[in-house]
Visitor: 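Next up is a structure, given as structure tokens.
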Amino acid sequence: MDCWRETEGKLVHDPLYIKAAAAAAAAAAVASVLSEKMTAMTKKHCISFPGPIIVGAGPSGLAVAACLKEKGIPSLIIERFNCIASLWQLKTYDRLHLHLPKQFCELPLMPFPSSFPTYPTKQQFLQYLQDYADHFCITPVFNEAVETAEFDTGLGLWRVRTTSAEYRCPWLIVATGENADAVMPHINGMGQFKGQILHTSAYKSGDAFSGKKVLVVGCGNSGMEVSLDLYNYNARPSVVVRDAVHVLPREILGSSTFGLSMWLLKWLPMRMVDQLLLLASRFMLGDTSRLGLERPQLGPLELKAKSGKTPVLDVGTLARIRSGDIKVCPGIKRLTRHGADFMDGSSEEFDAIILATGYKSNVPSWLKEKDFFSDKDGLPRKPFPNGWKGEKGLYTVGFTKKGILGASMDARRIADDIDKCWKSQGQEQ
Ligand SMILES: Cc1cc2nc3c(=O)[nH]c(=O)nc-3n(C[C@H](O)[C@H](O)[C@H](O)COP(=O)(O)OP(=O)(O)OC[C@H]3O[C@@H](n4cnc5c(N)ncnc54)[C@H](O)[C@@H]3O)c2cc1C
Ligand SMILES: NC(=O)C1=CN([C@@H]2O[C@H](COP(=O)(O)OP(=O)(O)OC[C@H]3O[C@@H](n4cnc5c(N)ncnc54)[C@H](OP(=O)(O)O)[C@@H]3O)[C@@H](O)[C@H]2O)C=CC1
Ligand SMILES: O=C(O)C(=O)Cc1c[nH]c2ccccc12
């Protein structure tokens, strides 16, 4: 890339030129990638990119691209679907809101509009992400899934193969998320059940289930909220609770439970904050074990930190469980033609089953570098805050088990780190 070499030369002589020159080079590089991509549509061929390649155009990928852009470093996002934030656009239900207050879900360098409510709707969050991408002129390559990525020691570059091309770049940033693929459990008798079975990632609203008996498998935030949605659409929902779960009020004394926890953690140890959360929950929600929702041994924040299991922030489901409008069922022994047999020996008929069984990372299926990510869960082996940087220019954003807030922290760190290398390379020439 001649235009690129020319820019690098200028960096050495005129540091003030860095941002403008790099931005121009970025535009040229992206234009070149796009034109080369047109050819790649007919024949898979090699495309060199001088900056980092980011896999995934979710909030994490956008955040890191913006932080790099601010430093004048061009990056290229490759996204398997045809839109940004595919998880939010394509795989979430209609009534979804952020369940943490907006200040904890902001991406770096651009706050939410002040007109947004504390808990923005899915549509508002998506609008913010689109405005964010527009503001930083982020234009991902869409409809290309990364199939393999490996470091070529001979070239000293990453080789990223997608469904239609091979890219080469000095840095690779994994931003495919903790929720890349739906977890579809195997349940005995699944093939026999005659009704519809769908995962929450394909559920939009309870409209289609009005009047029907629906079994929701799983009691994380998705299962609990989908159960409430079904009830609101006049369906008759039951939720499977096979293990212990923490349900917390979304707000305590007018403050968000999450915000309050973050504030208390500045002064008190995590276990003490957990005790306070449990005390407040007991006062506000009562003894959840009487409703079939036993609490885990570890407190909610400690459990989240150790296992990644997010506490349920109650948005009204518990009241419906208490009133008997949403039924709690034990673990499933097997599915039958028209319903389910449960672990306690009871049986019940259902018209449909919704699997609220969560998500998993897909990194082990495409990243050939095996040291950094665990094959078991597809998450970085090193826990937060050390999981963002691997070897040979490999980075990860959004695998902190800390939602969008964690992704924003990663994004800033990665951009700072690449910037050091970028500047030193520019000065070497
Ligand atoms: C229903 C739901 C609600 C949530 N609510 C909140 C909340 O309120 N607050 C919060 O902080 N967190 C929340 N989370 C956590 C969630 O992880 C973040 O909101 C956020 O979406 C994470 O962003 P990400 O970019 O890391 O991952 P994602 O949003 O999953 O984006 C990853 C992108 O990578 C793409 N991709 C995956 N594999 C490939 C591949 N091989 N090649 C190319 N592209 C690929 C995907 O298509 C996707 O667009 C929620 C999660 C869910 C499921
Ligand atoms: N409004 C918001 O902001 C929302 C945020 N989210 C977030 O999205 C992420 C994913 O949430 P979610 O989709 O709820 O997934 P989770 O992984 O949080 O929960 C999955 C649930 O499914 C259960 N489960 C898994 N397999 C089985 C099985 N074979 N039989 C019975 N139960 C099973 C798990 O039980 P067990 O614990 O026993 O394994 C668990 O209760 C979370 O981080 C969550 O906080 C989700 C919805 C709304
Ligand atoms: O919604 C999610 O899944 C999140 O990861 C956000 C989040 C991070 N830490 C938490 C602790 C309690 C509740 C939600 C979260």
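When a ligand or atom number is given, it counts from 1 through the structure's own listing order. Numbering of residues begins at 1 and proceeds along the displayed sequence.
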Visitor: Of all the atoms in ligand 1, which lie at a distance below 4.0 Å from a heavy atom belonging to S86?
Guide: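 Near S86, the atoms of ligand 1 are 46 (C), 47 (O), 48 (C), 49 (O).
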Visitor: Any side-chain heavy atom of L68 within less than 4.5 Å of one from I54?
Guide: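 Heavy-atom side-chain distance check passes, below 4.5 Å.
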Visitor: Using a strict cut-off of 4.0 Å, indicate which atoms of ligand 1 neighbour a heavy atom of G177.
Guide: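 The atoms of ligand 1 under 4.0 Å from a heavy atom of G177 are 26 (O), 27 (O).
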Visitor: Closer than 4.0 Å to some heavy atom of V217 - which atoms of ligand 2 meet that?
Guide: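 Matching atoms, with element in brackets: 30 (N), 31 (C), 32 (N).
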Visitor: Can you list the ligand 1 atoms lying under 4.0 Å from a non-hydrogen atom of A175?
Guide: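 With A175 as reference, the close atoms of ligand 1 come out as 32 (C), 33 (C), 34 (O).
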Visitor: Examine the proximity of ligand 2 to L313 and report which part, side chain or backbone, both or neither, has a heavy atom under 4.0 Å away.
Guide: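 Neither part.
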Visitor: Just to be sure I'm reading this right: ignoring hydrogens, which of G58, G403, A85, C105 gets closest to atom 9 (N) of ligand 1? Compare them by their nearest heavy atoms.
Guide: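 Looking at heavy atoms only, the winner is C105.
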Visitor: Please state which part of S222 comes within less than 4.0 Å of ligand 2, counting heavy atoms only: side chain, backbone, both or neither.
Guide: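 Looking at S222 and ligand 2, atoms from backbone and side chain both fall under 4.0 Å.
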Visitor: Can you find an N/O atom of C219 closer than 3.5 Å to an N/O atom of ligand 2?
Guide: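 Yes.
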Visitor: Got a second to check how far K382's NZ is from F373's CZ, nearest 0.5 Å?
Guide: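 The CZ atom of F373 is 12.0 Å from NZ of K382, to the nearest 0.5 Å.
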Visitor: Take atom NZ in K370; do more than 12 heavy atoms of anything else shown fall under 6.0 Å from it?
Guide: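 Enclosed.
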Visitor: Which ligand 1 atoms are under 4.0 Å away from a heavy-atom of V146?
Guide: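 Listed by number with element, the hits are 40 (C), 41 (N), 42 (N), 43 (C).
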Visitor: Just let me know how I84 lines up against ligand 1, side chain, backbone, both or neither, with a heavy-atom cut-off below 4.0 Å.
Guide: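 Neither; no heavy atom under 4.0 Å.
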Visitor: Are the side chains of V363 and T396 in contact, using a 4.5 Å heavy-atom criterion?
Guide: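 Result no, sub-4.5 Å side-chain heavy-atom pair not found.
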Visitor: Above 12 or not: heavy atoms from other molecules or residues under 6.0 Å from NZ of K91?
Guide: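 Yes, NZ of K91 has more than 12 neighbouring heavy atoms, counting only those of other groups under 6.0 Å.
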Visitor: With a 4.5 Å heavy-atom cut-off, do F342 and L215 have their side chains touching?
Guide: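 Yes - at least one pair of side-chain heavy atoms lies under 4.5 Å apart.
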Visitor: Find all atoms of ligand 2 within a distance of less than 4.0 Å from any non-hydrogen atom belonging to E225, and give their numbers and elements.
Guide: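 Selected atoms, number and element: 1 (N), 48 (C).
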Visitor: Under 3.5 Å between any N/O of E79 and any N/O of ligand 1: does that happen in this structure?
Guide: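 By distance alone, the answer is yes.
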Visitor: Which ligand 1 atoms does I78 reach within 4.0 Å, using its non-hydrogen atoms?
Guide: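 With I78 as reference, the close atoms of ligand 1 come out as 43 (C), 44 (N).
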Visitor: Answer whether the closest heavy-atom distance between the side chains of W366 and E147 falls below 4.5 Å.
Guide: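 Contact flag for W366/E147 side chains = no.
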Visitor: Examine G223 against ligand 2 and note whether any of their N/O atoms are separated by less than 3.5 Å.
Guide: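 Between G223 and ligand 2 (N or O atoms, distance only) the closest approach is not under 3.5 Å.
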Visitor: I'd like to know whether CE of M272 has more than 12 heavy-atom contacts from other residues, nucleotides or ligands below 6.0 angstrom.
Guide: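 No, because the 6.0 Å sphere around CE of M272 holds 12 heavy atoms or fewer from other groups.
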Visitor: Compute the centroid of each ring, for W171 and then for Y395, and state whether the two points are separated by less than 6.0 Å.
Guide: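 Distance test on ring centres: not under 6.0 Å, no.
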Visitor: Just checking R322: does its CZ atom have more than 12 heavy atoms from other residues, nucleotides or ligands closer to it than 6.0 angstrom?
Guide: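 Counting neighbours around CZ of R322, more than 12 heavy atoms of other residues, nucleotides or ligands fall under 6.0 Å, so yes.
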Visitor: Under 4.0 Å from a heavy atom of E144: give me the atoms of ligand 1 that qualify, with their elements.
Guide: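 Atoms satisfying the 4.0 Å criterion: 43 (C).
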Visitor: Could you tell me whether some N/O pair between Y93 and ligand 2 is separated by less than 3.5 angstrom?
Guide: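 No.
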Visitor: Kindly assign one of parallel, tilted or perpendicular to the pair W267 and W263, based on the angle between their ring planes and the thresholds 30° and 60°.
Guide: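 Taking W263 first and then W267, their aromatic rings stand perpendicular (interplane angle over 60°).
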Visitor: Any side-chain heavy atom of I173 within less than 4.5 Å of one from I53?
Guide: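 SC-SC contact between I173 and I53 ruled out.
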Visitor: Applying a 4.0 Å heavy-atom criterion (strictly less than), which segment of T310 is in contact with ligand 2: side chain, backbone, both, or neither?
Guide: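 The part of T310 near ligand 2 is the side chain, not the backbone.
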Visitor: Using distance alone, determine whether P59 and ligand 1 share an N or O pair under 3.5 Å.
Guide: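 In this structure, P59 places an N or O atom under 3.5 Å from an N or O of ligand 1.
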Visitor: Specify side chain, backbone, both or neither for E178, according to which of its non-hydrogen atoms lie closer than 4.0 Å to ligand 2.
Guide: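 The answer is neither.
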Visitor: Got an N/O contact under 3.5 Å between S222 and ligand 1?
Guide: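 N/O-N/O distance below 3.5 Å does not exist for this pair.
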Visitor: Is the closest heavy atom of E178 to ligand 1 under 4.0 Å?
Guide: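 Contact absent.
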Visitor: Between Y128 and F116, does the ring centre distance come in under 6.0 Å?
Guide: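 So the answer is no for these two rings.
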Visitor: Is it true that D417 and K389 have a side-chain N and a carboxylate O under 4.0 angstrom from each other?
Guide: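 Answer for the salt bridge query: yes.
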Visitor: Hey, what do you get for OG (S261) to NZ (K304), rounding to the nearest 0.5 Å?
Guide: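 Reported to 0.5 Å precision, the distance equals 12.0 Å.
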Visitor: Judged by non-hydrogen atoms, does A407 sit under 4.0 Å from ligand 1?
Guide: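 Outside the 4.0 Å threshold, so no.
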Visitor: Just heavy atoms, cut-off under 4.0 Å: does R242 contact ligand 2 by side chain, backbone, both, or neither?
Guide: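 Side chain only; the backbone of R242 stays clear of ligand 2.
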Visitor: Applying a strict 4.0 Å limit to heavy atoms, is W88 in contact with ligand 1?
Guide: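 Judged by the 4.0 Å heavy-atom criterion, W88 does count as contacting ligand 1.
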Visitor: To which of A356, A182, G220 does the heavy atom nearest atom 22 (O) of ligand 2 belong?
Guide: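 Checking each option, the heavy atom nearest atom 22 (O) of ligand 2 is found in A356.
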Visitor: Closer than 4.0 Å to some heavy atom of H97 - which atoms of ligand 2 meet that?
Guide: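 Those qualifying, in numeric order: 1 (N), 2 (C), 3 (O).
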Visitor: Using a strict 4.0 Å cut-off to heavy atoms of F81, name the atoms of ligand 1 that fall inside it.
Guide: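 Listed by number with element, the hits are 47 (O).
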Visitor: Is it the case that ligand 1 has an N or O less than 3.5 angstrom from some N or O of H97?
Guide: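 It does not: no N or O of H97 is found under 3.5 Å from an N or O of ligand 1.
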Visitor: Is the terminal nitrogen or CZ of R250 (NZ for Lys, CZ for Arg) located under 6.0 angstrom from the six-membered ring centre of Y119 and within 45° of that ring's axis?
Guide: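 So R250 does make the cation-pi contact.
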Visitor: With a 4.0 Å cut-off on heavy atoms, is M224 touching ligand 2?
Guide: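 In this structure, M224 fails to qualify as a contact of ligand 2 - no heavy atom is under 4.0 Å.
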Visitor: So which pairs with a foot in residues 344-355 pass side chain to side chain donor-acceptor pair (under 3.5 Å), sequence neighbours left out?
Guide: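 Side chain to side chain donor-acceptor pair (under 3.5 Å) check on residues 344-355 returns K213-E348, K327-E348, D341-S347, D344-S346.
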Visitor: Which atoms of ligand 1 have any heavy atom of S60 under 4.0 Å away?
Guide: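 Atoms satisfying the 4.0 Å criterion: 23 (O), 24 (P), 25 (O), 26 (O).
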Visitor: Consider ligand 2: state whether an atom of it lies below 4.0 angstrom from any non-hydrogen atom of I187.
Guide: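 Per 4.0 Å heavy-atom rule, I187 does not contact ligand 2.
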Visitor: Step by step, work out the salt bridge (charged side-chain N to carboxylate O under 4.0 Å, His left out) result for K401 and E178.
Guide: CA-CA 8 Å; K401 297 177 183 167; E178 294 162 343; over 6 Å; no
Visitor: Would you call Y167 and V146 a side-chain contact if the rule is heavy atoms closer than 4.5 Å?
Guide: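 Contact flag for Y167/V146 side chains = no.
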Visitor: Report, in ascending order of atom number, the atoms of ligand 2 lying under 4.0 Å from any heavy atom of P185.
Guide: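 The atoms of ligand 2 under 4.0 Å from a heavy atom of P185 are 29 (N).
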Visitor: So for ligand 2, is Y359 a polar contact partner (N or O within less than 3.5 Å, distance only)?
Guide: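 So ligand 2 has no N or O lying under 3.5 Å from an N or O of Y359.
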Visitor: Quick one: is the NZ or CZ of K402 closer than 6.0 Å to the six-membered ring centre of F384, and within 45° of its axis?
Guide: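 So K402 does make the cation-pi contact.
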Visitor: Taking N or O atoms only and a 3.5 Å limit, does T200 qualify as a polar contact for ligand 2?
Guide: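 No.
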Visitor: Is it the case that ligand 1 has an N or O less than 3.5 angstrom from some N or O of Y359?
Guide: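 No; every N/O pair is 3.5 Å or more apart.
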